[in-house]
Amino acid sequence: MNSNWFKIVMKVTKVEYGKNLLLKGMLLIFNKGGAKLKIGDNVTIKSSFLSNLVGLYSRTIIVTRAPGAEIIIGNNVGISGATIYARKGISIGDNTCIGGNCKILDNDFHPINTEDRLKLLADIHGGDSDLVPSKEITIGKNCFIGCNSIILKGTVLGDGCVVGAGAVVSGKFEDNCMIAGNPARVIRRL
């Protein structure tokens with residue numbers, strides 16, 4: 001199913017997108033007021049079970065959660081059933097492929113400290129708080145993120161990196177590395 005009608009909703013919520021955006025299935029995009037969500041040219045976002053036979057178990061979710069947050073997705077990017085969730089910022093370079101069911105999360109979703117977690121639970125604004133640890137993520141150009149991997153806050157992937165399926169990635173990685181495991185580490189230079 002092609003969901004180009006959803007582009008109207010994207011315009012209303014001030015999501016910027018380039019030419020030839022292809023949406024397959026029912027994705028969820030939420031752009032918080034005061035945040036920026038920009039999608040480049042020739043991007044394909046797959047969000048239905050049959051759009052990628054790797055076995056998508058959820059629709060694609062792209063969310064800016066706090067004022068000032070930014071998600072910038074470059075040109076010629078492919079996304080399948082992924083979650084991209086930013087409180088600070090996530091940048092994805094041109095020609096990058098994001099495999100099925102990946103999670104790219106620039107925050108911990110909750111504080112580590114018990115007292116801060118309790119404060120967050122009592123927050124009348126539903127968790128719109130600076131108590132949640134967050135740090136920008138940068139994914140370079142020409143990267144491939146294997147299915148079911150998780151990219152955690154503060155991660156920097158150089159250009160041409162390949163992330164193995166199921167990897168849990170945190171840290172800084174130079175250009176042209178193959179990264180795999182939990183915790184992910186460089187297993188080969190490309």
Side-chain angles (χ1 to χ4, degrees), residues 1-52 54-110 120-141 143 145 147 149-153 155:
M1 177 166 93
N2 193 330
S3 302
N4 284 326
W5 63 268
F6 192 71
K7 291 177 184 177
I8 297 167
V9 175
M10 293 169 65
K11 288 275 190 197
V12 169
T13 58
K14 298 184 179 171
V15 174
E16 300 174 44
Y17 61 88
K19 62 184 178 196
N20 301 321
L21 173 62
L22 179 59
L23 307 173
K24 293 187 173 208
M26 291 293 300
L27 66 152
L28 172 64
I29 293 183
F30 175 77
N31 190 28
K32 179 86 170 176
K36 180 178 183 179
L37 203 165
K38 183 175 181 180
I39 300 170
D41 296 334
N42 305 311
V43 171
T44 299
I45 301 175
K46 296 179 178 181
S47 193
S48 72
F49 178 73
L50 293 175
S51 65
N52 184 326
V54 74
L56 302 184
Y57 55 74
S58 74
R59 63 173 107 177
T60 295
I61 302 168
I62 302 174
V63 174
T64 56
R65 185 67 169 104
E70 283 191 350
I71 295 176
I72 308 297
I73 299 172
N75 300 321
N76 308 309
V77 171
I79 301 169
S80 291
T83 298
I84 302 169
Y85 186 105
R87 283 183 169 273
K88 293 276 187 199
I90 297 172
S91 173
I92 300 170
D94 295 344
N95 307 310
T96 289
C97 297
I98 300 172
N101 310 313
C102 290
K103 308 293 181 218
I104 302 173
L105 314 169
D106 78 346
N107 67 92
D108 290 340
F109 283 83
H110 58 78
L120 190 64
L121 285 171
D123 184 353
I124 61 170
H125 302 293
D128 290 342
S129 174
D130 290 332
L131 294 171
V132 179
S134 305
K135 192 170 181 187
E136 293 87 356
I137 293 173
T138 302
I139 298 173
K141 297 176 182 177
C143 291
I145 314 297
C147 69
S149 54
I150 303 172
I151 310 296
L152 297 172
K153 73 179 192 290
T155 296

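Basis for what follows: all heavy atoms, side chains included, without hydrogens, waters or symmetry-related copies.
- In this structure, the side chain of Thr138 does not engage the main chain of Glu136 through any donor-acceptor pair within 3.5 Å.
- One N or O on the side chain of Ser47 and one on the backbone of Met26 form a donor-acceptor pair closer than 3.5 Å.
- Checked against Leu21 for a side chain to side chain contact (heavy atoms under 4.5 Å, CB included), the options Asp41, Asn42, Val43 give a single hit: Val43.
- Within the structure, every pair that satisfies the ring-ring contact (aromatic ring centres under 6.0 Å, His included) test and touches residues 69-90, not counting sequence neighbours, is listed here: Tyr85-Phe109.
- The distance from atom CD1 of Ile39 to atom CG of Asn75, rounded to the nearest 0.5 Å, is 11.5 Å.
- Minimum heavy-atom separation, Gly93 to Thr96: O-OG1, 3.1 Å.
- Heavy-atom minimum distance, Glu70 versus Ala86: O-CB, 4.1 Å.
- Taking CG of Leu22 as the reference point, atom OG1 of Thr44 lies at 4.5 Å (rounded to 0.5 Å).
- The distance from the CD1 atom of Ile45 to the CZ atom of Phe6 is 9.5 Å, given to the nearest 0.5 Å.
- Remark: the backbone N or O of Asn101 is not paired with any side-chain donor or acceptor of Ser58 at under 3.5 angstrom.
- Taking all atoms of both residues into account, the shortest heavy-atom contact from Ser80 to Thr60 is C-OG1, 4.0 Å.
- Residues Ile72 and Lys36 are in side-chain contact: their nearest non-hydrogen atoms beyond the backbone lie under 4.5 Å apart.
- Here the CE-CD1 distance, from Met10 to Ile29, works out to 4.0 Å after rounding to the nearest 0.5 Å.
- Heavy atoms only, all atoms of each residue included: Cys102 and Cys147 are closest at SG-CA, 4.1 Å.
- Residue pairs meeting the salt bridge (Lys or Arg N to Asp or Glu O under 4.0 Å) criterion with at least one member in residues 94-108, sequence neighbours excluded: Asp108-Lys153.
- Distance CD/Glu16 to CG/Asn31: 9.0 Å, rounded to 0.5 Å.
- By the 4.5 Å heavy-atom criterion applied to side chains, Ile84 and Ile92 are counted as neighbours.
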Pair Asn76, Asn95 - check side chain to side chain donor-acceptor pair (under 3.5 Å), show working.
CA-CA 5 Å; Asn76 308 309; Asn95 307 310; 3.2 Å; yes
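- Remark: of the listed residues Leu28, Val15, Ile71, Ile71 is the sole one forming a side chain to side chain contact (heavy atoms under 4.5 Å, CB included) with Ile62.
- In this structure, Ile90 CD1 and Thr64 OG1 are separated by 10.0 Å, a value rounded to the nearest 0.5 Å.
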